[in-house]
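To start, the structure under review is shown below, and the notes come after it.
In what follows, every chain begins at residue 1, and chains take the letters A, B, ... in the order their sequences are listed.
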Amino acid sequence: MTQNEQPARTRFAPSPTGYVHIGSMRTVIFNWLWAKHTGGRFLLRIEDTDRNRYVEGAEEQLKESIRRMGIEWDEGPDVGGPFAPYKQSERLALYHTYAEELLGKGHFYKCWCTPERLKQVNEEKQARKEPPGYDRRCRKLSAEERAAQEASGKPHVIRMAVPLDGETVVNDLIRGPIRFQNALQNDPVMIKSDGFPTYGMAAIVDDHEMQITHVMRADEWIATSPLHVLLYQCFGWEQPVWVHLPNVLGPDGKKLSKRHGDTSITDYLDKGYLPEALLNFLALIGWGYDETTEIMTRDELIERFTLDRISPSGGVLNIEKLNKFNGIYIRQMTPAELTEQLLPYLAEAGLVSAEPTAAERARVEELVPLIHERLVVLSEAPELLRLFFETPTTYDQALLVPKKLDAVTTAQALTTATAALRDAPEWEVATIEARLRALTEELGLKVGDLFMAIRVATTGSKVSPPLFETLHALGRDETLARLERATASLGSVSAGP
RNA sequence: GGCCCCAUCGUCUAGCGGCCUAGGACGACACCCUUUCAAGGUGUAGAUCGCGGGUUCGAAUCCCGCUGGGGUCACCA
């Protein structure tokens, strides 16, 4: 791109309040891709400055989610780095040092207004149809008043004294300059009364300290970004490149949230969407390489990812397309690889033991080719493979008897087929096929009718992997037993009135 | 409501003044292959580039207005 491509330092800075949703993961991916593309570093920083929203285990879950996607941070919790700690609750002293500095320069001021007063001010403003916001009372305190408040020792917050006029320009890389009137901004709280910094304070101090070169974050941060620019100006620090990413939207075109259902990245992973497929798919929401290329490996993505190709508009997550991608990636795996991935799902369904034995593993691997190209998502495997582990118990007569045939004819056909298969010289796919095809002529049945009757008789369903392979995998004894059972169920019908 | 962002087939997108009678992908539909389902192959439909003005010899591409959608207005991030 036109931008210099010096090694970038990017970061994903979530607050540990819950799971990582699919939109956040897309943000992670963009940050990570850009760092890797430029040969830079991707950091993870935990923004736990709101003790009211602390969620037990959220940090671990968050790290786990990112790792399951095959993404590692070069600096951050667990791995450390030159700017440790990477958790804001452990960096409190730093924020205070900087707050003191700006307090001294007059860019920050202490505010003793209580939440109750703030609320009241807002209500009054609302009543007067004025925009809500702090009235800056403490900013206008006289020296004596300030000294009095100071002496009282009452709890206070520290606010930034936003310029009363002029404008602040946020230079967003993909949107260009965005202008904001300073007069319309509020004096934001920088340090809360509990001594913790707010996002605006902590993020800017840390981004500067950690030498972040590109701040890539979700769209919704645009509105508060002028405050961040202002803070950089107060400190006299060089700003990072601002890159506000378009949102990943729900089917209704609104910001993705819990009400849209499975928005947690782990839900997708648990369902059996492959990390590679998810990565590829997510990279394509809000970014595109060229006119035709869509399927790209991790390395190709890294190689090709540039900021100038990020689009400014949000995109709806197209699950059908994700499914397609997942199928493509599944088909790229070897049977052995697929087997490994499938075992946990089969174990959960009770089809193999929790600690699969070598025999079970081998059995699954020989079955895998039968469903390989039919799998969309890993979790579908148990249903597709169940017929090889459990004998169908009931037969739907309507399914078993081909449309143009009756029960008696079908039973006879099945009986003949059973005999033919019993007599087959050996149990090979080609042999089974030869026998059965010959049968259609002998019986004068249509290929589809005979095969379908056998399919339903042996699998209990009209949909299955290819018949001959299926019978072969079932084994002769099991095949014959199922055939006989099905035939018997038909007999009871034909014996009826 | 104020401020801000966005606007190409149903969806994800290509397009950065002439290559566009707008390309690709998913989905849909049809056909081929075929023992079912898939996979694969071929093809069809689908976007007056949100609307209206400009600028220009020429606009999806630049400018303005409108409309629509979204975001944000906390001692949350």
Side-chain angles (χ1 to χ4, degrees), chain A residues 13-17 47-50 52-53 111 113-115 118-119 122 126 129-134 155-159 170 172 175 178-181 184-186 188-200 202-203 217-226 244 246-249 251-255 281 284-295 308-309 311-325 327-328 331 371-376 384 433 436-437 440 446-456 459 461-468 470:
Chain A
S15 62
T17 52
E47 310 233 334
D48 56 347
T49 55
D50 185 356
N52 293 320
R53 293 212 303 171
C111 170
C113 293
T114 62
L118 258 26
K119 196 178 168 207
N122 268 332
Q126 299 277 36
K129 298 274 192 216
E130 286 175 25
Y134 179 51
H156 64 275
V157 302
I158 297 177
R159 291 178 183 271
V170 178
D172 184 87
R175 284 159 241 274
I178 305 174
R179 301 170 180 286
F180 296 87
Q181 294 300 312
L184 265 23
Q185 301 294 341
N186 271 303
V189 171
M190 298 279 96
I191 302 287
K192 297 179 261 190
S193 55
D194 64 0
F196 277 65
T198 54
Y199 171 85
R217 53 176 13 174
D219 238 352
E220 67 246 33
W221 287 104
I222 291 181
T224 34
S225 59
H244 289 99
N247 272 133
V248 176
L249 280 14
D252 57 1
K254 288 193 167 62
K255 198 169 97 169
F281 174 75
L284 256 21
I285 296 182
W287 177 82
Y289 179 55
D290 63 10
E291 294 201 3
T292 54
T293 313
E294 295 212 306
I295 299 298
D308 59 338
R309 299 194 67 86
S311 76
S313 56
V316 174
L317 190 150
N318 183 176
I319 194 74
E320 297 291 346
K321 189 162 180 169
L322 206 209
N323 286 339
K324 180 70 174 186
F325 272 41
I328 290 173
R331 272 169 250 130
I371 62 163
H372 203 147
E373 67 187 22
R374 271 156 268 262
L375 260 190
V376 171
L384 294 177
E433 172 162 10
L436 260 19
R437 283 202 189 279
T440 61
K446 285 168 72 177
V447 175
D449 286 343
L450 206 224
F451 290 0
M452 184 53 83
I454 298 176
R455 181 191 316 284
V456 174
T459 70
S461 165
K462 287 187 86 157
V463 178
S464 80
L467 225 214
F468 318 123
T470 300

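Under 4.0 angstrom from either OP1 or OP2 of B:rA77 there lies no side-chain N or O belonging to A:R53. Contact annotation: A:R437 side-chain N/O to B:rU35 OP1/OP2 distance is under 4.0 Å. Of the side-chain N and O atoms in A:K192, one or more sit less than 4.0 angstrom from OP1 or OP2 of B:rC76. Residue A:T17 has no polar side-chain atom (N or O) positioned under 4.0 Å from OP1 or OP2 of B:rC76. Of the side-chain N and O atoms in A:K324, none sit less than 4.0 angstrom from OP1 or OP2 of B:rA28. Residue A:R309 places at least one side-chain N or O closer than 4.0 Å to OP1 or OP2 of B:rG15. Taking side-chain N and O atoms only, A:K255 has no distance below 4.0 Å to OP1 or OP2 of B:rC6.
In the set B:rC37, B:rA77, B:rU13, B:rC37 carries the atom at the smallest distance from any side-chain atom of A:R374. Of the candidate nucleotides B:rU36, B:rG23, B:rC76, B:rU36 has the atom nearest to the side chain of A:R455. Distance from the side chain of A:N318 is smallest to B:rU11 among B:rU11, B:rA7, B:rU36. Comparing B:rU35, B:rU11, B:rC75 against the side chain of A:V316 picks out B:rU11 as the nearest. If you check B:rC26, B:rU72, B:rA7 against the side chain of A:S313, the one that comes closest is B:rA7. Side-chain proximity of A:A223 to the nucleotides B:rU72, B:rU36, B:rC6 is greatest for B:rU72. Residue A:I178 places its side chain closer to B:rC4 than to any other of B:rC26, B:rG71, B:rC4. Closest approach to the A:K321 side chain among B:rA77, B:rA25, B:rU35 is made by B:rA25 (side chain taken as heavy atoms from C-beta onward). Proximity note for A:S311 (side chain, C-beta onward) versus B:rU13, B:rG27, B:rC76: the nearest is B:rU13. Side-chain atoms of A:S464 lie closest to B:rU36 of the nucleotides B:rU36, B:rG40, B:rA77.
Using cut-offs of 30° and 60° for the angle between ring planes, the A:W221 and A:Y199 rings count as parallel.
Of all the heavy atoms in A:A223 and A:F180, the pair that sits closest is O-CE2, 4.4 Å. Minimum interatomic distance between A:P16 and A:E47 (heavy atoms only, all atoms of both residues): CD-O, 3.7 Å. Contact detail for A:M452 and A:K462: the closest heavy-atom pair is CE-O, 3.6 Å.
Residue-to-nucleotide proximity on RNA chain B shows that, of A:G448 and A:P312, the 5′-proximal contact is made by A:P312. Heavy-atom nearest nucleotides on RNA chain B were determined for A:G200 and for A:K462, and the one closer to the 5' end corresponds to A:K462.
Atom C1' of nucleotide B:rG10 and atom CD1 of A:I319 are separated by 16 Å, given to the nearest angstrom. Put simply, CG on A:D219 is 11 Å from P on B:rC5, counting in whole angstrom units. As a whole-Å value, the separation of A:N122 CG from B:rG2 P is 18 Å. The interatomic distance linking A:L467 (CG) with B:rU36 (C1') rounds to 8 Å, in whole Å. In this structure, A:Y289 atom OH and B:rG15 atom P are separated by 12 Å, rounded to whole Å. Distance CG (A:L436) to C1' (B:rU35): 9 Å, rounded to an integer number of Å. Between A:E433 atom CD and B:rU34 atom C1' there is a gap of 11 Å when expressed in whole angstrom units. Spacing between atom CE of A:M190 and atom C1' of B:rC75 amounts to 11 Å, rounded to whole angstrom units.
Rounded to the nearest Å, the gap between the C1' atom of B:rC49 and that of B:rC20 is 10 Å. Going from the P atom of B:rA59 to that of B:rG54 covers 12 Å, rounded to whole Å. With both ends at atom P, the span from B:rC51 to B:rU67 equals 15 Å, rounded to whole Å. Only the P atoms considered, B:rG65 is 14 Å distant from B:rC6, to the nearest whole Å. Distance check on atom C1': B:rC63 versus B:rC29 gives 42 Å, rounded to whole Å. B:rG18 and B:rC62 have their C1' atoms separated by 15 Å, with the value rounded to a whole Å. Taking atom P on both nucleotides, B:rA14 is separated from B:rG23 by 15 Å, rounded to a whole Å. Comparing the same atom, P, in B:rA60 and in B:rC33 gives a spacing of 44 Å after rounding to whole Å.
With a cut-off of 3.5 Å on both Watson-Crick or G-U wobble distances, the partner of B:rG68 is given as B:rC6. Nucleotide B:rG43 forms a pair with B:rC29, judged by Watson-Crick or G-U wobble geometry with both contacts under 3.5 Å. Pair assignment for B:rG18 gives B:rC57, based on Watson-Crick or G-U wobble hydrogen-bonding distances that are each under 3.5 Å.
A donor N or O paired with an acceptor N or O is found under 3.5 Å between the base of B:rG24 and the side-chain atoms of A:E294.
Residue contacts for A:P465: at a heavy-atom cut-off of 4.0 Å it reaches a base atom on one of the strands shown. Using a 4.0 Å heavy-atom distance criterion, A:P16 is classed as making no nucleic acid contact. Note on A:T293: nothing from the nucleic acid sits closer than 4.0 angstrom, heavy atoms only.
For the pair A:T440 (side chain) and A:V447 (backbone), a donor-acceptor distance under 3.5 Å is absent. No side-chain donor-acceptor contact under 3.5 Å links A:N247 to the backbone of A:L249.
For the atom pair CZ (A:R217) and OG1 (A:T224), the distance works out to 6.0 Å, reported to the nearest 0.5 Å. For the atom pair CD1 (A:I295) and CG (A:L284), the distance works out to 8.0 Å, reported to the nearest 0.5 Å.
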query = After noting the C-alpha distance and the side-chain angles of A:E294 and A:K321, does the key distance pass the salt bridge (charged side-chain N to carboxylate O under 4.0 Å, His left out) rule?
reply = CA-CA 11 Å; A:E294 295 212 306; A:K321 189 162 180 169; 3.1 Å; yes
